[in-house]
**Student:** 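Take a look at this one; I'll ask things after.
Here is the naming used below: chain letters follow the sequence lines, and residue numbers restart at 1 for every chain. The figures here come from the full heavy-atom set of this structure, side chains too, leaving out hydrogens, waters and symmetry mates.
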Amino acid sequence: MRRTTYCGKVSEENIGQRVVLEGWVNRRRDLGGLIFIDLRDREGILQVVINPGSVPFAEADRVRSEWVVRVEGTVRARPAEQANSRIATGKVEVVAEALQTLSEARTLPFQIDAGWRGEDDQNVSEDVRLRQRVVDLRRKRLHQNLRLRHKFITAIYRFLDSEGFISVETPFLTRSTPEGARDFLVPSRLEPGSFYALPQSPQLFKQMLMVAGYDRYFQIARCFRDEDLRADRQPDFTQLDLEMSFVTQEDVLDLNERLAAYVVKETLGLEIPLPFPRLTYAQAMNRFGSDKPDLRFGLEFTDVTEVFKGGEFRAFASAQAVKALLVPANLPRKEIDALEAVAKSKGAAGLAWVKRENGALTGGIAKFIPPSLHQHLEIAEGQTALFVAGPWRRSVESLGAVRLELGKRLNLIESGYNFAWVIDFPLLDWDEDNQRWTYMHHPFTSPNLDDLEHLQSDPGRVRAYAYDLVLNGSEAGGGSIRIHRRDLQERMFAQLGIGAEEAQEKFGFLLEALSYGAPPHGGIAWGLDRWVANLAGEESIREVIAFPKNKEGKETLTGAPSTVDSDQLAMLGIAVKE
RNA sequence: GCUCCGGUGGUGUAGUUGGUUAACAUACCCGCCUGUCACGUGGGAGAUCGCGGGUUCAAGUCCCGUCCGGAGCGCCA
């Protein structure tokens with residue numbers, strides 16, 4: 001007879017029933033005459049009792065941790081004083097009548113049983129965990145994370161289906177296009193010397209689906225970018241990609257915040273108030289020094305550029321921007337030095353400071369503070385003001401990094417899920433290295449038509465219909481309204497220094513599609529791994545991916561990447577340089 | 001490419017100012033134990049301290065190099 005129920009699902013309702021269980025030995029307690037086995041499956045653990053003299057006793061004596069066994073027995077209530085409140089099945093137990101070993105197990109490289117009985121797992125280095133990922137995946141934490149991910153994805157399918165979206169798959173083996181990140185390349189056997197590229201996103205395919213009239217598309221899409229890894233970045237990662245026709249920016253934002261509220265409700269049971277607050281890019285940068293501000297705490301900047309303009313403090317007198325951050329604490333010098341290092345790592349020349357102690361401004365740049373400062377910034381007793389001056393963007397971003405560091409150090413970050421939209425991104429960004437304008441989002445983003453007149457005369461001033469969904473200071477999603485007219489797309493390419501010939505060669509298929517009657521359209525992509533990590537309370541997306549790569553981009557379970565046979569290379573016309 | 005942090009039995013840690021036999025917990029093996037639930041209890045095995053070199057009478061400890069891992073910067077439309 002096969003399994004009749006999951007171990008973790010047995011409850012008082014099953015008392016008196018005969019059950020067949022199959023699972024892993026989470027733990028075995030041998031009292032000499034009496035043996036207990038905590039039997040585990042994906043739903044939880046359940047105590048099995050093996051009485052002396054019973055048929056299964058000899059086998060139970062032999063069984064060890066992580067062996068896979070089948071148990072037949074009868075469910076009974078535990079005496080009230082022996083209930084285990086830490087586990088869901090703690091009020092019952094199964095008296096074994098038969099026990100069969102299905103599979104023996106070697107001693108595990110690390111213990112995985114604690115989480116299943118409601119305790120903290122022992123910390124194990126990630127190196128060991130990833131090399132032994134099968135063992136690691138047995139732990140309750142990863143079971144929970146992967147099931148949360150599943151719930152998240154099924155909620156997305158339900159919601160978007162009810163809103164009339166259809167899921168369409170787009171190719172993995174596609175063409176390299178010169179945008180954004182480095183491509184992963186796949187050599188072609190049928191055409192040696194030519195390469196496919198793995199998609200960085202399904203961007204152009206979804207736009208063409210819009211041109212083809214599918215109106216509302218989505219995909220849980222795997223994307224590939226050959227860049228260095230971080231706690232929240234993997235070379236292959238997952239997006240929720242969606243696109244809508246005949247919409248404005250408002251429509252996309254509205255749908256996405258309803259979707260966000262729905263998935264949070266479905267996964268965690270939390271109500272998220274709508275609509276989400278909105279900040280323009282300029283506001284976000286000026287007030288928080290980030291285009292993905294963490295709004296779980298305050299510490300907003302004050303602009304004091306005018307206060308110092310032309311003044312005696314040379315370093316600030318002619319700066320493009322001087323920003324101040326008022327800290328409600330008397331920061332020790334050591335702390336300020338650490339914060340200055342953070343500012344400098346983001347390109348600030350330094351971090352100036354002043355405190356109010358015993359009624360007077362003291363320390364740092366106290367003697368350079370003009371009397372008019374207090375009209376903008378009231379430094380109270382025991383507070384510290386921090387200043388960064390320099391080019392606008394570098395100043396706000398470096399002070400923004402200081403703000404985040406202070407949020408952590410002063411424990412200002414409140415728990416919860418804080419969503420916001422950042423809108424009105426600039427269309428173009430000045431590329432200092434190459435001395436030219438480049439796109440900020442991607443080259444298919446529509447300019448704000450109100451700003452179109454400045455496209456040639458003052459490109460930096462043109463806003464885009466581009467928006468980011470920010471969750472607790474991380475970019476949860478980003479998208480835009482796209483250019484749907486061929487002439488405007490061609491103008492955009494020209495502005496980016498992509499000549500007509502090059503545009504035709506690399507993006508001819510897009511231009512052609514746009515010339516066959518394209519609807520206005522726009523969409524968004526969510527970083528699905530980051531979303532799930534956030535909901536699971538995990539710092540790293542590796543905790544919500546079954547088989548992640550380590551910091552060096554290696555998948556240490558199977559040992560990828562690896563060398564390949566010379567035969568394989570030869571077939572592809574590839575020679576590896578020593 | 002760069003900065004910082006780490007590497008000690010299977011796992012997680014301790015190891016003082018350089019000083020004798022590298023400690024603890026857990027896991028593992030064996031014995032005892034009939035109501036445990038991280039069972040208890042007695043015993044046992046298990047580490048050339050990531051690797052190489054140097055300083056020293058003496059290095060887990062100090063120095064240099066290197067490898068591996070993590071956090072970040074650059075990079076990531």
**Student:** Please state the C1' separation for the pair B:rU8 and B:rU61 - nearest whole angstrom.
**Tutor:**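 Going atom to atom, C1' in each nucleotide, I get 11 Å.
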**Student:** Which is true for A:Ser65 with a 4.0 Å heavy-atom rule: it touches a base, it touches only sugar-phosphate, or it touches nothing?
**Tutor:**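 It contacts sugar-phosphate atoms only.
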**Student:** Using the P atoms only, state how far B:rC57 lies from B:rU17, rounded to an integer number of Å.
**Tutor:**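 Here B:rU17 and B:rC57 have their P atoms 22 Å from each other.
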**Student:** Heavy-atom count check: over 12 atoms from other residues, nucleotides or ligands less than 6.0 Å from A:Tyr196 OH?
**Tutor:**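 Not more than 12 within 6.0 Å, no.
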**Student:** Produce a footprint string for nucleotides 67-72 of chain B: one letter per nucleotide, 5' end first; B if the base is under 4.0 Å from any protein heavy atom, S if only the sugar-phosphate is, - if neither.
**Tutor:** --SSBB
**Student:** Between atom CD in A:Gln234 and atom C1' in B:rC76, what is the gap in whole Å?
**Tutor:**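 Nearest whole value for this atom pair: 13 Å.
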**Student:** Assess the side chains of A:Gln47 and A:Thr89: does a donor N or O sit below 3.5 Å from an acceptor N or O?
**Tutor:**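 No, A:Thr89 and A:Gln47 have no side-chain donor paired with an acceptor closer than 3.5 Å.
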**Student:** Given that both distances must come in under 3.5 Å, which nucleotide forms a Watson-Crick or G-U wobble pair with B:rG1?
**Tutor:**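 By the stated definition (distances under 3.5 Å), B:rC73 pairs with B:rG1.
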**Student:** Report the base-pairing partner of B:rG40 (Watson-Crick or G-U wobble, both distances below 3.5 angstrom), or none.
**Tutor:**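 Pairing partner, where one exists within any strand: B:rC32.
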**Student:** I would like to know whether A:Glu555 and A:Arg133 meet salt bridge (charged side-chain N to carboxylate O under 4.0 Å, His left out); could you show each step before the answer?
**Tutor:** CA-CA 10 Å; A:Glu555 198 270 90; A:Arg133 188 60 161 178; over 6 Å; no
**Student:** B:rC32 P sits how many Å from A:Ile35 CD1, rounded?
**Tutor:**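 Value for this atom pair: 13 Å.
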**Student:** Expressed in whole Å, how much space separates the P atoms belonging to B:rU16 and B:rA22?
**Tutor:**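 Roughly 15 Å separates the two P atoms.
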**Student:** Whether A:Arg27 engages the ring of A:Phe36 as a cation-pi pair (distance to the six-membered ring centre under 6.0 angstrom, angle to the ring normal within 45°) should be assessed.
**Tutor:**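 The answer is no, since A:Arg27 fails at least one limit relative to A:Phe36.
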**Student:** Rounded to the nearest angstrom, tell me the gap between atom CG in A:Asp136 and atom P in B:rG10.
**Tutor:**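 Distance, rounded to whole Å: 19 Å.
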**Student:** Work out how far the C1' atom of B:rU13 is from that of B:rA27, and round it to whole angstrom.
**Tutor:**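 These two C1' atoms come out 14 Å apart once rounded.
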**Student:** Looking at A:Arg393 and A:Met285, would you say the former's side chain and the latter's main chain have a donor-acceptor pair under 3.5 Å?
**Tutor:**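 Checked: no pair found.
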**Student:** Is there a Watson-Crick or G-U wobble partner for B:rA58 with both distances under 3.5 Å, and which nucleotide is it?
**Tutor:**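 B:rA58 is paired with nothing.
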**Student:** Treating primed atoms plus P, OP1 and OP2 as sugar-phosphate and everything else as base, which nucleotides of nucleotides 33-42 of chain B get B, S or - for protein heavy atoms under 4.0 Å?
**Tutor:** BBBBBSB---
**Student:** How long is the line joining CG of A:Asn123 and P of B:rU26, in whole Å?
**Tutor:**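 The answer, rounded to whole Å, is 17 Å.
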**Student:** Ignoring hydrogens and angles, are the base of B:rC75 and the side chain of A:Arg233 linked by a donor-acceptor pair under 3.5 Å?
**Tutor:**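 Answer is yes: a donor-acceptor pair is held.
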**Student:** In whole angstrom, what separates A:Phe237's CZ from B:rC75's P?
**Tutor:**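 Interatomic distance, CZ of A:Phe237 to P of B:rC75: 18 Å.
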**Student:** Distance check needed: B:rU11 P versus A:Arg139 CZ, whole Å only.
**Tutor:**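 Result: 15 Å.
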**Student:** Please report the distance separating the P of B:rG40 from the corresponding atom of B:rA58, rounded so that it comes out in whole Å.
**Tutor:**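 Result for the P pair: 46 Å, nearest Å.
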**Student:** Indicate whether the side chain of A:Asp431 and that of A:Asn434 have a donor and an acceptor atom separated by less than 3.5 Å.
**Tutor:**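 A:Asp431 vs A:Asn434: donor-acceptor pair found between side chains.
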**Student:** Suppose we screen for side-chain contact (heavy atoms from CB on, under 4.5 Å). Which residues come up paired with A:Ser345, at least two apart in sequence or across chains?
**Tutor:**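 Partners of A:Ser345 under the side-chain contact (heavy atoms from CB on, under 4.5 Å) test: none.
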**Student:** Between A:Ser125 and A:Arg225, name the one whose nearest nucleotide on RNA chain B is closer to the 5' end.
**Tutor:**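 Whichever sits nearer the 5' end wins; that is A:Ser125.
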**Student:** Roughly how many Å apart are B:rA71 and B:rG65, using the P atom of each and rounding to a whole number?
**Tutor:**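 After rounding to an integer number of Å, I get 24 Å for this pair.
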**Student:** Is it true that the side chains of A:Thr438 and A:Arg436 contain a donor and an acceptor less than 3.5 Å apart?
**Tutor:**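 No donor-acceptor contact under 3.5 Å links the two side chains.
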**Student:** Starting from P on B:rC76, measure out to CD on A:Glu227 and report it in whole angstrom.
**Tutor:**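 For the pair A:Glu227 CD and B:rC76 P, the rounded distance is 6 Å.
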**Student:** In the structure shown, which nucleotide is the Watson-Crick or G-U wobble counterpart of B:rG6, with both distances under 3.5 Å?
**Tutor:**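 Across any shown strand, B:rG6 pairs with B:rC68.
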**Student:** Just by distance, with hydrogens left out, do A:Gln239 and A:Ser201 show a side-chain donor and acceptor under 3.5 Å apart?
**Tutor:**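 Not at all, the side chains of A:Gln239 and A:Ser201 share no donor-acceptor pair under 3.5 Å.
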**Student:** Using Watson-Crick or G-U wobble geometry with both distances below 3.5 Å, tell me the partner of B:rU11, or none.
**Tutor:**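 Pairing partner, where one exists within any strand: B:rA25.
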**Student:** Using atom C1' in both nucleotides, what's the gap between B:rC67 and B:rG46 to the nearest angstrom?
**Tutor:**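 Going atom to atom, C1' in each nucleotide, I get 26 Å.
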**Student:** Are A:Lys140 and A:Asp121 ion-paired here, with the side-chain N under 4.0 Å from a carboxylate O?
**Tutor:**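 Between A:Asp121 and A:Lys140 there is no salt bridge, as every charged N stays at least 4.0 Å from the carboxylate O atoms.
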**Student:** What integer distance in Å separates A:Asp431:CG from B:rG74:P?
**Tutor:**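 Rounding to the nearest Å, CG of A:Asp431 and P of B:rG74 are 14 Å apart.
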**Student:** What distance, rounded to whole Å, do you find between the two P atoms, one in B:rA25 and one in B:rU21?
**Tutor:**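 Rounded to whole Å, the distance is 22 Å.
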**Student:** For the residue pair A:Tyr281 and A:Trp392, does the interplanar ring angle fall in the parallel (under 30°), tilted (30 to 60°) or perpendicular (over 60°) class?
**Tutor:**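 Ring orientation, 0 to 90° scale: perpendicular.
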